[in-house]
Protein chains: 2
Amino acid sequence: MINPGTGVPVYRQLADLIRRPIETGQLRPGQRLRAEPDYMHEYGISRTSVRQAIAMLRSEGLITTTRRGSRVRVEQDIAEVVIGTDTRVTTRMPTAEERQMYGIAEGVPVFVVQRDGQDEPEILPGDRTALIGD
Amino acid sequence: MINPGTGVPVYRQLADLIRRPIETGQLRPGQRLRAEPDYMHEYGISRTSVRQAIAMLRSEGLITTTRRGSRVRVEQDIAEVVIGTDTRVTTRMPTAEERQMYGIAEGVPVFVVQRDGQDEPEILPGDRTALIGD
DNA sequence: ACGTATTTGTACGTATGTATC
DNA sequence: AGATACATACGTACAAATACG
């Protein structure tokens with residue numbers, strides 16, 4: 001299943017193996033991935049490589065990880081926000097503090113909404129927001 | 001400078017130490033961070049911790065890393081895109097293929113622009129795009 | 001043109017801590 | 001209490017890209 005000599009790093013091969021059932025819907029949102037030792041033993045690879053693969057998927061926003069394991073990220077309810085001509089929106093990754101403050105998972109960006117005449121931009125979680133023009 | 005027993009992980013303490021001169025402007029966009037061994041020796045910590053700190057800053061979009069070292073991410077020219085009522089915009093992290101295709105750095109999200117009546121959404125790099133309402 | 005030094009990337013191993021069930 | 005699972009952190013070794021003399 002995983003071949004060390006192919007030029008493709010082991011951790012990437014594993015990431016692709018985990019990605020497949022998620023993208024085909026065999027592993028649905030909310031469902032758990034296998035535990036790190038499972039992947040280690042099944043493919044005969046080190047924990048480092050397993051964790052690197054999982055970290056990659058996490059920073060892509062595909063999964064979330066807690067002390068109880070990793071799960072496919074669940075879709076959130078989306079609030080639609082109307083954007084007028086007086087408004088400029090950019091996107092970026094949140095700081096760790098913003099993640100904490102707004103309850104944002106790793107791998108989820110934020111909208112930065114700057115309205116004319118307001119000093120402070122509004123920060124909107126990227127997994128719970130959609131923008132619509134005015 | 002770095003204290004192992006404080007409850008704050010070593011790699012986070014280092015990330016904060018690197019973040020400071022960037023946020024205060026002492027280390028400007030395009031300028032190089034020190035090499036991994038420099039941080040190891042200066043703070044007496046392992047390469048694992050140094051790399052974890054740098055990976056964290058990279059996935060926040062604060063720095064970029066090549067084989068020649070890490071640098072503070074440089075601002076790109078920003079194209080403004082007008083969003084009408086017929087358009088819905090979300091944001092997410094790009095896949096590895098999209099990063100490749102559009103030349104997007106790690107830690108940089110994309111806008112997903114879905115216009116009414118069009119099947120395929122448009123993908124716009126988050127570091128080169130701003131949205132304006134109509 | 002070539003080798004050398006520098007720097008990051010990949011991958012292994014081990015140990016201990018901590019949250020959760 | 002005990003088992004499970006992830007988090008942190010140390011170490012080592014070799015590979016690969018890049019820059020430089």
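As the structure is a prediction and not an experimental result, all values here were calculated from the model. Every chain is numbered from 1, with letters handed out A, B, ... down the list of sequences.
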Check the distance between D:dC10's C1' and B:L14's CG and give it to me in whole angstrom.
-> 15 Å

How close or far is atom P of D:dT8 from atom CD1 of B:I2, stated in whole angstroms?
-> 14 Å

Length of the line joining A:D38:CG and D:dT4:P, which is rounded to integer Å = 11 Å

Gap between atom OG1 of B:T87 and atom CD1 of A:I83 - 0.5 Å precision | 12.0 Å

Given atom OH of B:Y43 and atom C1' of D:dT8, what is their separation to the nearest angstrom?
-> 19 Å

Hydrophobic cluster membership, A:L57 vs A:V50, 4.5 Å side-chain cutoff | yes

Below 4.0 angstrom from OP1 or OP2 of C:dT10, is there any side-chain N or O of A:Y11?
-> yes

Taking CZ from B:R51 and P from D:dC10, how many angstroms apart are they, rounded to a whole number?
-> 15 Å

Give A:P4 one of three labels, base, sugar-phosphate or nothing, depending on what nucleic acid heavy atoms sit under 4.0 Å from its own.
-> nothing

Sequence-distant partners of B:E80, side chain to side chain donor-acceptor pair (under 3.5 Å), two or more places apart | A:R88

Whole-Å gap separating P (D:dA5) and CD1 (A:I54) = 12 Å

Looking only at side-chain N and O atoms, does A:Q52 come under 4.0 Å of OP1 or OP2 in C:dT10?
-> yes

A:R32: side-chain contact (heavy atoms from CB on, under 4.5 Å) partners, not counting sequence neighbours | A:A35, A:R71

Are A:I22 and A:I2 connected, step by step, through hydrophobic side chains (Ile, Leu, Val, Met, Phe, Trp, Tyr) whose heavy atoms are closer than 4.5 Å?
-> yes

Under a 3.5 Å limit for both distances, which nucleotide forms a Watson-Crick or G-U wobble pair with C:dA11, could you say?
-> D:dT12

Quick one: do A:V110 and A:T91 satisfy side-chain contact (heavy atoms from CB on, under 4.5 Å)? Show the steps, please.
-> CA-CA 6 Å; A:V110 292; A:T91 183; 5.9 Å; no

If a protein heavy atom is under 4.0 Å from the base, mark B; if only from the sugar-phosphate, S; if neither, -; do that for nucleotides 12-21 of chain C going 5' to 3'.
-> BS-B-BBSSS

CZ/A:R34: more than 12 non-hydrogen atoms of other groups inside 6.0 Å | yes

Please state how far atom CE in A:M56 lies from atom P in C:dA11, giving the value in whole angstrom units.
-> 12 Å

Round to a whole Å and report the spacing from OH of B:Y39 to P of D:dC10.
-> 16 Å

